[in-house]
Amino acid sequence: MADAPANAIEAQLVKLGITVPPAPVPGGNFVPFTQTGNLVYVSGQIPKYEDGTVVTGTLGDDLDVAAGQKAAKLASLNLISQMKAACGGDLSKIKKIVKVEGFVRATPDFGAHPKVINGCSDLLVEVFGKEVGMHTRFAVGVTSLPLNVPVEICIIFEV
């Protein structure tokens, strides 16, 4: 019976047409996630496809909110892959998504950072449901991000 929640999450991923990619390898001298007590901290994930290509751009310049949301959704797929790796492949071990931290590369006059990060938050709630998936969050604008990506997102969750 312990597999039922994992199967429910996996079934929801299939229903949504989502394939969780393999967890990306960190691009520096850090770990993709770390656990202390019952909290797992996942390093920032970017909108990177499985083949290594990344989405680039700046909100308010060459990207609009819809493109930013799509990038945030892709970054959240990489978050889910790291979450799955941190849980030994069993997403049912996740009791609660505690916090999402969203960084949006944007022009100084762009103010829709929260709408962009909704691309991540909405997917997390779709996949995990409101009880587990609803979270605290911040969404802030920055002038640059690694590889010129439009978003970088971190997550903290409870196991």
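Heads up: numbering here begins at 1 and tracks the sequence.
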If you group Ile, Leu, Val, Met, Phe, Trp and Tyr by side-chain heavy-atom gaps below 4.5 Å, do [X] and [Y] land in one group?
| X | Y | value |
| --- | --- | --- |
| Leu16 | Ile97 | yes |
| Met134 | Val132 | no |
| Leu63 | Val149 | no |
| Met83 | Ile18 | yes |

Nearest-0.5 Å distance, [atom1] of residue [X] to [atom2] of residue [Y]:
| X | Y | atom1 | atom2 | answer |
| --- | --- | --- | --- | --- |
| Ile117 | Phe103 | CD1 | CZ | 9.5 Å |
| Asp109 | Leu59 | CG | CG | 11.0 Å |
| Phe128 | Lys95 | CZ | NZ | 15.0 Å |
| Ile156 | Glu101 | CD1 | CD | 4.5 Å |
| Ile94 | Ile80 | CD1 | CD1 | 8.0 Å |
| Phe33 | Cys87 | CZ | SG | 8.5 Å |

Indicate the atoms forming the closest heavy-atom contact of [X] with [Y], along with that distance.
| X | Y | answer |
| --- | --- | --- |
| Val151 | Ala75 | CG2-CB, 4.3 Å |
| His135 | Gly133 | ND1-O, 2.7 Å |
| Thr58 | Arg105 | OG1-CZ, 3.2 Å |
| Lys84 | Glu10 | NZ-OE2, 3.2 Å |
| Gln82 | Pro24 | NE2-O, 2.8 Å |
| Pro47 | Ala71 | CB-O, 3.4 Å |

Does a side-chain heavy-atom distance below 4.5 Å link [X] with [Y]?
| X | Y | answer |
| --- | --- | --- |
| Leu39 | Val98 | yes |
| Pro32 | Val42 | no |
| Val127 | Ile9 | yes |
| Leu77 | Val20 | no |
| Val100 | Phe138 | no |
| Ile153 | Gln45 | no |
| Ile46 | Val54 | yes |
| Tyr41 | Ile155 | no |

With a cut-off of 6.0 Å (strictly less than), are more than 12 heavy atoms of other residues, nucleotides or ligands near NZ of Lys96?
-> yes
Asn29 CG: over 12 foreign heavy atoms closer than 6.0 Å = no
Please check: side-chain N/O of [X] versus main-chain N/O of [Y], any donor-acceptor pairing under 3.5 Å?
| X | Y | answer |
| --- | --- | --- |
| Ser76 | Leu123 | no |
| Ser43 | Pro26 | no |
| Asn78 | Ala23 | no |

Would you check if there is a donor-acceptor pair between the side chains of Ser121 and Arg137 at a distance under 3.5 Å?
->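 Looking only at side-chain atoms, Ser121 and Arg137 do form a donor-acceptor pair, the distance falling under 3.5 Å.
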Given the options Asp122, Leu124, Asn118, Val116, Cys120 meets side-chain contact (heavy atoms from CB on, under 4.5 Å) only with Leu124
